[in-house]
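Right, one structure below, let's go through it.
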Protein chains: 2
Amino acid sequence: MNDIVTDCHGVKALSEIFKLLSEPNRLRILCGLGMECQSVGSIVEETGLSQTNVSFHLRLLREAGLVRPEKRGAFVYYCLPDQKILALLDDFRSWAETLEKPETHKKAS
Amino acid sequence: MNDIVTDCHGVKALSEIFKLLSEPNRLRILCGLGMECQSVGSIVEETGLSQTNVSFHLRLLREAGLVRPEKRGAFVYYCLPDQKILALLDDFRSWAETLEKPETHKKAS
DNA sequence: CATTCATATGAGTAGTCGCTTATATGATTG
DNA sequence: CAATCATATAAGCGACTACTCATATGAATG
């Protein structure tokens, strides 16, 4: 019995997570939530995105279970279900920094 | 310069990596490379994708440094630059399985 | 060198994504 | 309950993506 990785099952589900994380603004939202739960308005303020846009992204993250809403009066606070993702993101980032991109052969004609 | 980017630096680069990983076929290609370097033809066979399509995906992965080409006669073998990515993918996958997706409120009206 | 094999590139296209401009829901306050 | 605040949804548009077909490059072989 090989690894998940070796026989590649779960690829579809994994790719969907990555698709969510592939949007810079969504990634910023998640990063901002790292510290503590935040209201939508607070996220709007912090990111500089429109309220509509933030709501749009939050819905996608919410439906995937990447963030969890929490009603507090008229406000909705969004939280990370666990902190593990922050560590994962950090691992990924430090690994990504080690990647050597090949030369981009630009011809001076 | 008040920025979230200071908090979440590297977000742009990270999101680009995730975008590459967000395509199921690319993820499968990477998985297949986990064990050993493979020729393009071998990847085509293994994935069932068209040769053109595989070449297209390989270019993106190559340009990002996620795979490395290695000429062997008329063949080009593609390899992972390091095995770390396999561990990262596996970490991500097992974390993803713990995510609880919210109810999708279907009204039977 | 001409042909064949292995891979790469380019043009075109259907579908998806992210964002914007309205508008709706639902809670709070007077 | 009317008005306002906080958030969510809907429709539409431009940009991007993944794929296909056609073709190009470059190595191996006769």
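First the proteins, then the strands, lettered A, B, ... as listed; each starts at 1. Only this structure's heavy atoms are used, side chains among them; waters, hydrogens and symmetry mates stay out.
Distance CG (A:Leu60) to C1' (D:dA8): 13 Å, rounded to an integer number of Å. Residue A:Glu70 contributes atom CD, which lies 13 Å from atom P of D:dA8 at whole-angstrom precision. A straight line from NZ of A:Lys12 to P of D:dA18 spans 14 Å, rounded to a whole angstrom. Taking atom CD of A:Glu63 as the reference point, atom C1' of D:dT9 lies 11 Å away to the nearest angstrom. In this structure, CD of B:Glu16 is placed 13 Å from P of D:dC16, rounded to the nearest angstrom. For A:Lys19 and D:dT17, the NZ to P distance is 12 Å, given to the nearest whole Å. To the nearest angstrom, C1' of D:dC5 lies 18 Å from CZ of A:Arg72. Note: CG (A:Asn25) to C1' (C:dT20) measures 14 Å, nearest angstrom.
In terms of phosphate contacts, A:Asn53 brings a side-chain nitrogen or oxygen within less than 4.0 Å of OP1 or OP2 of C:dC19. Considering only side-chain N and O atoms, B:Lys71 lies nowhere under 4.0 angstrom from the phosphate OP1 or OP2 of D:dG26. Taking side-chain N and O atoms only, B:His57 has no distance below 4.0 Å to OP1 or OP2 of D:dT17. Contact annotation: A:Arg26 does not reach the phosphate of C:dC17 (side-chain N/O to OP1 or OP2, under 4.0 Å).
Not counting sequence neighbours, the partners of B:Arg68 by the side chain to side chain contact (heavy atoms under 4.5 Å, CB included) test are B:Pro81. The side chain to side chain contact (heavy atoms under 4.5 Å, CB included) check on A:Ala96 picks up B:Ile17, with sequence neighbours excluded. Not counting sequence neighbours, the partners of B:Gln51 by the side-chain hydrogen bond (donor to acceptor under 3.5 Å, both in side chains) test are B:Ser55.
Residue whose closest nucleotide on DNA chain C sits further toward the 5' end, between A:Gly73 and A:Ser50: A:Ser50.
In this structure, B:Phe75 and B:Tyr77 have tilted ring planes: the angle between them lies in the 30° to 60° band.
Between the side chain of A:Glu100 and the backbone N or O of B:Gly65, no donor-acceptor pair lies under 3.5 Å.
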Protein-nucleotides 6-10 of chain C N/O pairs under 3.5 Å:
unit_1	atom_1	unit_2	atom_2	d
C:dT7	OP1	B:Val40	N	3.3
C:dT7	OP1	B:Val76	N	3.3
C:dT7	OP2	B:Gly41	N	2.8
C:dA8	OP1	B:Tyr78	OH	2.6
C:dA8	OP2	B:Ser55	OG	2.9
C:dA8	N7	B:Gln51	NE2	2.9
C:dA8	N6	B:Gln51	OE1	3.4
C:dT9	OP2	B:Arg62	NH2	3.4

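Sorted by first and then second residue, the salt bridge (Lys or Arg N to Asp or Glu O under 4.0 Å) pairs involving residues 42-63 of chain B (not counting sequence neighbours) form an empty list. For the salt bridge (Lys or Arg N to Asp or Glu O under 4.0 Å) condition, the pairs that include at least one residue of residues 9-24 of chain A, sequence neighbours left out, are A:Lys12-A:Glu16.
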